[in-house]
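See below for the structure under consideration.
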Amino acid sequence: MSPKSALKAKSEPTLPVASSRPTLLLAWYDRHRRRLPWRAAPGEASDPYRVWLSEIMLQQTTVKAVGPYFEKFVARWPDVSALGRASLDNVLRMWAGLGYYSRARNLYACAVAVTREHGGIFPDTEEGLRALPGIGPYTAAAIAAIAFDRRTMPVDGNIERVVSRLFAVEEELPQAKPVIQQLAATLLADSRAGDEKSRAGDSAQALMDLGASICTPKKPACSLCPLNEDCVAGAQGTPETFPRKAPKKSGTLRRGAAFVVTRGDELLVRSRPERGLLGGMTEVPGSDWLAGQEDSTAKQQAPELKGLPHWQRKVGVVTHVFTHFPLELVVYTAKAAARTRAPAGMRWVPIATLADEALPNVMRKVIAHALG
DNA sequence: GACTCGTGGTG
DNA sequence: TCACCAAGAGT
(Lines give C-alpha, C1' and ligand atoms only; values in the text may rest on other atoms or scores of the structure.)
Protein backbone atom coordinates (compact mmCIF):
# COMPACT_ATOMS: atom_id res chain seq x y z
CA MET A 1 0.00 0.00 0.00
CA SER A 2 1.41 3.39 -0.98
CA PRO A 3 1.92 6.11 1.64
CA LYS A 4 -0.69 8.22 -0.12
CA SER A 5 -3.45 5.64 0.10
CA ALA A 6 -2.45 4.84 3.64
CA LEU A 7 -2.87 8.48 4.50
CA LYS A 8 -6.21 8.58 2.74
CA ALA A 9 -7.43 5.51 4.56
CA LYS A 10 -6.42 7.05 7.82
CA SER A 11 -8.05 10.42 7.11
CA GLU A 12 -11.34 8.84 6.08
CA PRO A 13 -11.73 5.99 8.52
CA THR A 14 -15.52 6.07 8.39
CA LEU A 15 -15.81 5.36 4.68
CA PRO A 16 -16.84 1.73 4.56
CA VAL A 17 -14.85 -0.29 2.09
CA ALA A 18 -18.00 -2.09 1.07
CA SER A 19 -19.46 1.08 -0.40
CA SER A 20 -16.97 1.26 -3.23
CA ARG A 21 -18.41 0.54 -6.63
CA PRO A 22 -16.07 -2.38 -7.44
CA THR A 23 -16.95 -4.06 -4.16
CA LEU A 24 -20.68 -3.51 -4.54
CA LEU A 25 -20.48 -4.89 -8.02
CA LEU A 26 -18.69 -8.08 -6.98
CA ALA A 27 -21.03 -8.59 -4.06
CA TRP A 28 -24.00 -8.31 -6.40
CA TYR A 29 -22.34 -10.72 -8.85
CA ASP A 30 -21.77 -13.30 -6.15
CA ARG A 31 -25.50 -13.32 -5.45
CA HIS A 32 -26.97 -12.88 -8.91
CA ARG A 33 -24.51 -14.20 -11.46
CA ARG A 34 -26.01 -16.08 -14.38
CA ARG A 35 -25.12 -19.72 -14.71
CA LEU A 36 -23.80 -20.18 -18.23
CA PRO A 37 -22.31 -23.28 -19.87
CA TRP A 38 -18.90 -21.67 -20.42
CA ARG A 39 -18.55 -20.24 -16.94
CA ALA A 40 -16.50 -22.06 -14.33
CA ALA A 41 -18.14 -22.71 -10.97
CA PRO A 42 -17.36 -20.05 -8.35
CA GLY A 43 -13.80 -20.45 -7.14
CA GLU A 44 -12.82 -22.90 -9.84
CA ALA A 45 -10.33 -22.21 -12.62
CA SER A 46 -11.87 -21.53 -15.99
CA ASP A 47 -10.84 -23.32 -19.16
CA PRO A 48 -9.24 -20.86 -21.62
CA TYR A 49 -10.52 -22.92 -24.56
CA ARG A 50 -14.13 -22.64 -23.41
CA VAL A 51 -13.73 -18.97 -22.58
CA TRP A 52 -12.24 -18.24 -25.99
CA LEU A 53 -14.85 -20.29 -27.88
CA SER A 54 -17.72 -18.62 -26.05
CA GLU A 55 -16.29 -15.14 -26.52
CA ILE A 56 -15.98 -15.63 -30.27
CA MET A 57 -19.51 -16.99 -30.52
CA LEU A 58 -20.90 -14.21 -28.35
CA GLN A 59 -19.58 -11.44 -30.57
CA GLN A 60 -22.73 -9.54 -31.56
CA THR A 61 -24.75 -12.64 -30.73
CA THR A 62 -27.15 -13.32 -27.88
CA VAL A 63 -26.48 -15.77 -25.06
CA LYS A 64 -29.60 -17.69 -26.02
CA ALA A 65 -28.50 -18.16 -29.63
CA VAL A 66 -25.00 -19.24 -28.62
CA GLY A 67 -26.00 -21.90 -26.07
CA PRO A 68 -26.71 -24.85 -28.38
CA TYR A 69 -23.81 -24.03 -30.69
CA PHE A 70 -21.39 -23.91 -27.79
CA GLU A 71 -22.56 -27.31 -26.56
CA LYS A 72 -22.28 -28.81 -30.03
CA PHE A 73 -18.76 -27.49 -30.49
CA VAL A 74 -17.32 -28.62 -27.15
CA ALA A 75 -18.94 -32.03 -27.52
CA ARG A 76 -17.32 -32.57 -30.91
CA TRP A 77 -14.06 -30.71 -30.26
CA PRO A 78 -13.31 -30.83 -26.51
CA ASP A 79 -10.07 -28.85 -26.70
CA VAL A 80 -8.31 -26.42 -28.99
CA SER A 81 -6.04 -29.07 -30.48
CA ALA A 82 -9.04 -31.14 -31.50
CA LEU A 83 -10.53 -28.11 -33.21
CA GLY A 84 -7.19 -27.37 -34.84
CA ARG A 85 -7.18 -30.86 -36.33
CA ALA A 86 -10.69 -30.49 -37.77
CA SER A 87 -11.44 -29.29 -41.30
CA LEU A 88 -12.68 -25.82 -42.17
CA ASP A 89 -15.64 -27.35 -43.98
CA ASN A 90 -16.76 -29.17 -40.85
CA VAL A 91 -16.35 -26.03 -38.75
CA LEU A 92 -18.44 -24.01 -41.22
CA ARG A 93 -21.12 -26.70 -41.22
CA MET A 94 -21.32 -26.61 -37.44
CA TRP A 95 -21.40 -22.82 -37.47
CA ALA A 96 -24.16 -22.56 -40.08
CA GLY A 97 -27.05 -20.47 -38.78
CA LEU A 98 -25.07 -18.53 -36.20
CA GLY A 99 -24.12 -15.71 -38.58
CA TYR A 100 -21.02 -13.59 -39.17
CA TYR A 101 -19.27 -16.47 -40.89
CA SER A 102 -15.83 -14.87 -40.99
CA ARG A 103 -15.83 -15.62 -37.26
CA ALA A 104 -15.87 -19.34 -38.06
CA ARG A 105 -12.95 -18.99 -40.44
CA ASN A 106 -10.98 -17.00 -37.89
CA LEU A 107 -11.95 -19.42 -35.14
CA TYR A 108 -10.46 -22.26 -37.12
CA ALA A 109 -7.37 -20.24 -38.09
CA CYS A 110 -6.88 -19.37 -34.43
CA ALA A 111 -7.21 -22.99 -33.31
CA VAL A 112 -4.64 -24.04 -35.89
CA ALA A 113 -2.26 -21.27 -34.77
CA VAL A 114 -2.60 -22.14 -31.08
CA THR A 115 -2.15 -25.83 -31.83
CA ARG A 116 0.82 -25.50 -34.11
CA GLU A 117 2.60 -22.38 -32.87
CA HIS A 118 1.77 -22.40 -29.18
CA GLY A 119 1.73 -26.11 -28.46
CA GLY A 120 -2.01 -26.11 -27.84
CA ILE A 121 -1.74 -23.55 -25.04
CA PHE A 122 -3.41 -20.15 -25.33
CA PRO A 123 -1.21 -17.10 -24.69
CA ASP A 124 -2.02 -15.72 -21.24
CA THR A 125 -1.49 -12.04 -21.99
CA GLU A 126 -3.69 -9.51 -23.72
CA GLU A 127 -0.95 -8.75 -26.21
CA GLY A 128 -0.36 -12.39 -27.06
CA LEU A 129 -4.07 -13.04 -27.49
CA ARG A 130 -4.57 -9.92 -29.59
CA ALA A 131 -2.17 -11.29 -32.19
CA LEU A 132 -4.42 -14.28 -32.94
CA PRO A 133 -7.03 -14.31 -35.74
CA GLY A 134 -10.51 -13.17 -34.72
CA ILE A 135 -9.33 -11.77 -31.39
CA GLY A 136 -9.69 -7.99 -31.23
CA PRO A 137 -9.29 -5.58 -28.33
CA TYR A 138 -12.47 -6.64 -26.55
CA THR A 139 -11.96 -10.38 -26.83
CA ALA A 140 -8.28 -10.21 -25.88
CA ALA A 141 -9.14 -8.32 -22.71
CA ALA A 142 -12.08 -10.60 -21.95
CA ILE A 143 -10.04 -13.80 -22.20
CA ALA A 144 -7.11 -12.28 -20.31
CA ALA A 145 -9.40 -11.22 -17.47
CA ILE A 146 -11.75 -14.21 -17.32
CA ALA A 147 -9.39 -17.07 -18.11
CA PHE A 148 -6.12 -15.69 -16.74
CA ASP A 149 -7.21 -13.20 -14.09
CA ARG A 150 -5.31 -10.36 -15.70
CA ARG A 151 -6.34 -7.01 -14.28
CA THR A 152 -7.91 -5.52 -17.40
CA MET A 153 -11.44 -4.42 -18.28
CA PRO A 154 -12.95 -5.57 -21.57
CA VAL A 155 -15.57 -3.13 -22.85
CA ASP A 156 -18.48 -4.54 -24.83
CA GLY A 157 -21.86 -3.06 -25.70
CA ASN A 158 -23.25 -3.88 -22.26
CA ILE A 159 -20.41 -2.22 -20.42
CA GLU A 160 -20.55 0.80 -22.71
CA ARG A 161 -24.18 1.22 -21.76
CA VAL A 162 -23.71 0.69 -18.02
CA VAL A 163 -20.70 2.98 -17.79
CA SER A 164 -22.12 5.72 -19.99
CA ARG A 165 -25.16 5.82 -17.70
CA LEU A 166 -23.24 5.57 -14.47
CA PHE A 167 -21.15 8.62 -15.38
CA ALA A 168 -23.65 10.28 -17.76
CA VAL A 169 -21.13 10.39 -20.59
CA GLU A 170 -22.41 13.05 -22.99
CA GLU A 171 -19.95 12.36 -25.79
CA GLU A 172 -21.35 10.22 -28.61
CA LEU A 173 -20.18 6.77 -29.59
CA PRO A 174 -17.87 5.75 -31.11
CA GLN A 175 -15.86 8.86 -30.20
CA ALA A 176 -16.55 8.20 -26.53
CA LYS A 177 -14.89 4.77 -26.54
CA PRO A 178 -11.58 5.87 -24.97
CA VAL A 179 -13.33 7.79 -22.19
CA ILE A 180 -15.65 4.89 -21.47
CA GLN A 181 -12.72 2.50 -21.42
CA GLN A 182 -11.01 4.63 -18.78
CA LEU A 183 -14.13 4.99 -16.66
CA ALA A 184 -14.84 1.27 -16.95
CA ALA A 185 -11.37 0.48 -15.62
CA THR A 186 -12.23 2.35 -12.41
CA LEU A 187 -14.76 -0.41 -11.71
CA LEU A 188 -12.01 -3.00 -11.33
CA ALA A 189 -11.34 -4.01 -7.76
CA ASP A 190 -7.92 -3.13 -6.39
CA SER A 191 -5.21 -5.69 -6.84
CA ARG A 192 -3.99 -6.90 -3.49
CA ALA A 193 -0.40 -7.80 -2.89
CA GLY A 194 0.49 -11.45 -2.65
CA ASP A 195 -1.88 -14.25 -3.47
CA GLU A 196 -5.12 -12.25 -3.55
CA LYS A 197 -6.97 -12.53 -6.84
CA SER A 198 -7.93 -9.39 -8.75
CA ARG A 199 -11.25 -10.89 -9.85
CA ALA A 200 -11.06 -8.76 -12.99
CA GLY A 201 -12.99 -11.38 -14.93
CA ASP A 202 -15.77 -11.36 -12.36
CA SER A 203 -15.89 -7.56 -12.44
CA ALA A 204 -16.30 -7.62 -16.20
CA GLN A 205 -18.89 -10.38 -16.15
CA ALA A 206 -20.72 -8.59 -13.38
CA LEU A 207 -21.07 -5.51 -15.57
CA MET A 208 -22.22 -7.67 -18.48
CA ASP A 209 -24.80 -9.46 -16.34
CA LEU A 210 -25.92 -6.10 -15.01
CA GLY A 211 -26.29 -4.76 -18.53
CA ALA A 212 -28.16 -7.87 -19.68
CA SER A 213 -30.60 -8.14 -16.78
CA ILE A 214 -30.97 -4.72 -15.11
CA CYS A 215 -29.28 -1.90 -16.98
CA THR A 216 -31.09 -2.87 -20.18
CA PRO A 217 -31.35 -0.69 -23.30
CA LYS A 218 -35.02 0.01 -22.64
CA LYS A 219 -36.81 0.29 -19.32
CA PRO A 220 -33.86 -0.45 -17.06
CA ALA A 221 -34.76 -1.82 -13.61
CA CYS A 222 -32.84 0.85 -11.72
CA SER A 223 -34.44 0.02 -8.39
CA LEU A 224 -32.71 -3.37 -8.44
CA CYS A 225 -29.30 -2.01 -9.40
CA PRO A 226 -26.47 -2.31 -6.89
CA LEU A 227 -24.96 0.91 -8.26
CA ASN A 228 -28.23 2.83 -8.11
CA GLU A 229 -26.97 5.21 -5.40
CA ASP A 230 -24.33 6.86 -7.52
CA CYS A 231 -25.61 6.54 -11.06
CA VAL A 232 -25.68 10.00 -12.59
CA ALA A 233 -28.07 9.19 -15.42
CA GLY A 234 -30.34 7.36 -12.99
CA ALA A 235 -30.41 10.41 -10.72
CA GLN A 236 -31.30 12.56 -13.72
CA GLY A 237 -34.09 10.17 -14.59
CA THR A 238 -32.71 9.74 -18.11
CA PRO A 239 -30.89 6.40 -18.17
CA GLU A 240 -32.53 5.34 -21.43
CA THR A 241 -30.95 8.25 -23.30
CA PHE A 242 -27.48 6.78 -22.77
CA PRO A 243 -25.23 5.91 -24.45
CA ARG A 244 -25.44 8.86 -26.81
CA LYS A 245 -25.01 7.88 -30.41
CA ALA A 246 -25.82 9.21 -33.86
CA PRO A 247 -28.82 7.53 -35.52
CA LYS A 248 -27.74 5.01 -38.10
CA LYS A 249 -29.07 4.96 -41.64
CA SER A 250 -30.95 1.89 -42.77
CA GLY A 251 -29.75 0.18 -45.93
CA THR A 252 -31.48 0.23 -49.29
CA LEU A 253 -33.64 -2.70 -50.32
CA ARG A 254 -31.91 -5.10 -52.70
CA ARG A 255 -33.63 -7.62 -54.95
CA GLY A 256 -32.58 -10.80 -56.65
CA ALA A 257 -33.71 -14.19 -57.91
CA ALA A 258 -32.94 -17.65 -56.58
CA PHE A 259 -33.20 -20.87 -58.57
CA VAL A 260 -34.18 -24.05 -56.82
CA VAL A 261 -33.43 -26.92 -59.17
CA THR A 262 -34.18 -30.47 -58.14
CA ARG A 263 -33.14 -33.75 -59.70
CA GLY A 264 -35.24 -36.41 -58.06
CA ASP A 265 -34.48 -36.09 -54.37
CA GLU A 266 -31.40 -33.94 -54.93
CA LEU A 267 -30.87 -30.19 -55.01
CA LEU A 268 -28.47 -28.10 -57.11
CA VAL A 269 -26.13 -25.95 -54.99
CA ARG A 270 -22.81 -24.13 -55.16
CA SER A 271 -20.40 -22.47 -52.75
CA ARG A 272 -20.15 -18.70 -52.41
CA PRO A 273 -16.78 -16.97 -52.79
CA GLU A 274 -14.61 -17.25 -49.69
CA ARG A 275 -14.64 -13.55 -48.96
CA GLY A 276 -17.54 -11.20 -48.56
CA LEU A 277 -21.16 -11.71 -47.68
CA LEU A 278 -21.86 -15.28 -46.51
CA GLY A 279 -18.30 -16.12 -47.50
CA GLY A 280 -17.69 -19.78 -48.24
CA MET A 281 -21.23 -20.79 -47.41
CA THR A 282 -23.50 -22.98 -49.54
CA GLU A 283 -26.27 -21.45 -51.67
CA VAL A 284 -28.62 -22.28 -54.49
CA PRO A 285 -27.69 -20.56 -57.76
CA GLY A 286 -29.13 -17.12 -58.19
CA SER A 287 -28.75 -13.62 -59.56
CA ASP A 288 -26.77 -10.79 -58.03
CA TRP A 289 -28.52 -8.90 -55.25
CA LEU A 290 -28.86 -5.31 -56.38
CA ALA A 291 -30.68 -2.18 -55.31
CA GLY A 292 -33.32 -1.10 -57.79
CA GLN A 293 -33.20 -4.36 -59.72
CA GLU A 294 -36.43 -5.61 -61.26
CA ASP A 295 -37.46 -9.23 -60.84
CA SER A 296 -37.48 -9.71 -64.61
CA THR A 297 -33.86 -8.55 -64.80
CA ALA A 298 -32.81 -10.89 -62.04
CA LYS A 299 -34.36 -13.86 -63.79
CA GLN A 300 -32.07 -13.37 -66.81
CA GLN A 301 -28.98 -14.06 -64.76
CA ALA A 302 -28.74 -17.80 -64.89
CA PRO A 303 -27.05 -18.69 -68.17
CA GLU A 304 -26.00 -22.11 -66.94
CA LEU A 305 -29.60 -22.99 -66.23
CA LYS A 306 -31.19 -21.81 -69.47
CA GLY A 307 -31.52 -25.31 -70.82
CA LEU A 308 -33.98 -26.41 -68.18
CA PRO A 309 -37.65 -26.45 -69.15
CA HIS A 310 -40.72 -25.79 -67.05
CA TRP A 311 -39.52 -22.96 -64.85
CA GLN A 312 -42.11 -22.12 -62.30
CA ARG A 313 -42.16 -18.94 -60.29
CA LYS A 314 -43.25 -19.48 -56.71
CA VAL A 315 -45.89 -17.08 -55.51
CA GLY A 316 -44.61 -14.45 -53.12
CA VAL A 317 -41.07 -13.48 -52.19
CA VAL A 318 -38.55 -14.49 -49.57
CA THR A 319 -37.48 -11.56 -47.42
CA HIS A 320 -34.40 -11.41 -45.27
CA VAL A 321 -32.70 -8.62 -43.35
CA PHE A 322 -28.94 -8.37 -43.21
CA THR A 323 -27.08 -5.97 -40.97
CA HIS A 324 -26.93 -3.23 -43.54
CA PHE A 325 -29.61 -4.00 -46.11
CA PRO A 326 -32.93 -5.81 -46.50
CA LEU A 327 -33.26 -8.39 -49.29
CA GLU A 328 -36.17 -9.66 -51.39
CA LEU A 329 -35.72 -12.81 -53.42
CA VAL A 330 -38.09 -14.20 -56.02
CA VAL A 331 -37.84 -17.96 -56.25
CA TYR A 332 -37.99 -20.08 -59.39
CA THR A 333 -38.14 -23.84 -59.40
CA ALA A 334 -37.39 -26.41 -62.07
CA LYS A 335 -37.02 -30.18 -62.27
CA ALA A 336 -34.00 -31.58 -64.04
CA ALA A 337 -34.03 -34.94 -65.83
CA ALA A 338 -32.57 -37.94 -64.03
CA ARG A 339 -28.99 -37.79 -65.25
CA THR A 340 -28.61 -34.07 -65.84
CA ARG A 341 -25.07 -32.99 -65.00
CA ALA A 342 -24.45 -30.14 -62.64
CA PRO A 343 -23.15 -27.00 -64.39
CA ALA A 344 -19.52 -26.03 -63.74
CA GLY A 345 -18.94 -25.05 -60.11
CA MET A 346 -22.19 -26.58 -58.91
CA ARG A 347 -23.10 -29.91 -57.38
CA TRP A 348 -26.08 -32.07 -56.48
CA VAL A 349 -26.73 -32.76 -52.82
CA PRO A 350 -29.42 -35.00 -51.32
CA ILE A 351 -32.27 -32.94 -49.93
CA ALA A 352 -32.35 -35.28 -46.93
CA THR A 353 -28.88 -34.14 -45.83
CA LEU A 354 -29.38 -30.41 -46.30
CA ALA A 355 -29.34 -29.97 -42.55
CA ASP A 356 -25.65 -30.93 -42.61
CA GLU A 357 -24.74 -28.36 -45.25
CA ALA A 358 -23.19 -24.98 -44.51
CA LEU A 359 -26.45 -23.29 -45.41
CA PRO A 360 -27.02 -19.77 -44.13
CA ASN A 361 -30.53 -19.06 -42.93
CA VAL A 362 -31.48 -16.96 -45.91
CA MET A 363 -30.89 -20.05 -48.09
CA ARG A 364 -32.86 -22.25 -45.74
CA LYS A 365 -35.73 -19.80 -46.17
CA VAL A 366 -35.43 -19.95 -49.96
CA ILE A 367 -35.43 -23.73 -50.03
CA ALA A 368 -38.32 -23.95 -47.61
CA HIS A 369 -40.27 -21.49 -49.73
CA ALA A 370 -39.60 -23.51 -52.88
CA LEU A 371 -40.11 -27.02 -51.58
CA GLY A 372 -42.33 -26.52 -48.58
C1' DG B 1 -13.23 6.42 -39.23
C1' DA B 2 -16.53 4.38 -42.04
C1' DC B 3 -18.02 0.03 -44.06
C1' DT B 4 -18.85 -4.72 -44.14
C1' DC B 5 -20.49 -8.72 -41.99
C1' DG B 6 -26.10 -12.70 -40.01
C1' DT B 7 -29.52 -13.73 -37.33
C1' DG B 8 -33.06 -13.62 -33.83
C1' DG B 9 -35.36 -11.12 -30.16
C1' DT B 10 -37.51 -6.97 -28.42
C1' DG B 11 -40.72 -3.11 -27.40
C1' DT C 1 -44.37 -2.86 -37.93
C1' DC C 2 -39.74 -1.68 -37.67
C1' DA C 3 -35.71 0.33 -35.57
C1' DC C 4 -32.72 -1.18 -32.39
C1' DC C 5 -29.67 -4.30 -30.34
C1' DA C 6 -26.62 -8.47 -29.02
C1' DA C 7 -19.79 -10.66 -24.70
C1' DG C 8 -16.96 -6.99 -32.18
C1' DA C 9 -13.37 -7.85 -35.78
C1' DG C 10 -11.32 -6.97 -40.18
C1' DT C 11 -10.47 -3.95 -43.81
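Naming: A, B, ... by sequence-line order, numbering from 1 per chain.
Within the 4.0 angstrom heavy-atom criterion, no nucleotide atom of any strand lies near P154(A). Note on W52(A): nothing from the nucleic acid sits closer than 4.0 angstrom, heavy atoms only.
Along DNA chain C, the nucleotide nearest K245(A) and the nucleotide nearest R275(A) are compared for position; the residue whose nucleotide lies closer to the 5' end is K245(A). Each of V63(A) and I135(A) was assigned the nucleotide of DNA chain C with the nearest heavy atom; the assignment lying further toward the 5' end belongs to V63(A). A residue-by-residue look at Q175(A) and G99(A) shows that Q175(A) has its nearest nucleotide of DNA chain B further toward the 5' end.
Between the P atom of dC5(C) and the CG atom of L58(A) lies a distance of 19 Å, rounded to the nearest Å. If you measure from atom CD1 of I56(A) to atom C1' of dG6(B), you get 16 Å, rounded to the nearest angstrom. In this structure, E55(A) atom CD and dA9(C) atom P are separated by 9 Å, rounded to whole Å. Atoms CG (D156(A)) and P (dG8(C)) sit 5 Å apart, rounded to a whole Å.
The separation of dT1(C) from dG6(B), taken at their P atoms, amounts to 24 Å, rounded to a whole angstrom. One P atom belongs to dG8(B), the other to dA9(C), and the distance between them is 22 Å to the nearest Å.
Contact annotation: T139(A) reaches the phosphate of dA9(C) (side-chain N/O to OP1 or OP2, under 4.0 Å). In this model, the phosphate group of dA6(C) is approached by a side-chain N or O of R161(A) to a distance below 4.0 Å at OP1 or OP2. In this model, the phosphate group of dC3(B) is not approached by any side-chain N or O of H324(A) to a distance below 4.0 Å at OP1 or OP2. In this structure, N106(A) does not reach the dA9(C) phosphate: none of its side-chain N or O atoms is under 4.0 Å from OP1 or OP2.
At distances below 3.5 Å, not a single donor-acceptor pair connects side-chain atoms of T186(A) with backbone N or O atoms of Q182(A).
Residue E357(A) comes nearest to R364(A) through the heavy atom pair O-NH2, 3.4 Å, listed as atom of the first residue, atom of the second, then distance.
Of the listed residues (D47(A), V66(A), I146(A), V74(A)), just one forms a side chain to side chain contact (heavy atoms under 4.5 Å, CB included) with W38(A), and that residue is V66(A).
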(request) Begin with the C-alpha distance, continue with both residues' side-chain angles, and end with the deciding distance and a verdict on side chain to side chain donor-acceptor pair (under 3.5 Å) for Y138(A) and Q59(A). (result) CA-CA 9 Å; Y138(A) 162 78; Q59(A) 289 167 4; over 6 Å; no

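At a cut-off of 3.5 angstrom, counting only N and O atoms as typed in the model, there is a donor on one side and an acceptor on the other between the side-chain of Y100(A) and the base of dG6(B). Put simply, the side chain of T61(A) and the base of dG8(C) share no donor and acceptor less than 3.5 Å apart. The base of dG9(B) lies outside donor-acceptor range of the side chain of T62(A), with no N or O pair under 3.5 Å.
Side-chain atoms of R103(A) lie closest to dG6(B) of the nucleotides dA7(C), dG6(B), dA9(C). Side-chain proximity of Y101(A) to dA7(C), dT7(B), dA6(C): nearest is dT7(B). Nearest to the side-chain atoms of L277(A) among the listed nucleotides dC5(B), dA7(C), dT7(B) stands dC5(B).
Residues D356(A) and T353(A) bring no donor and acceptor atom of their side chains to less than 3.5 Å of each other.
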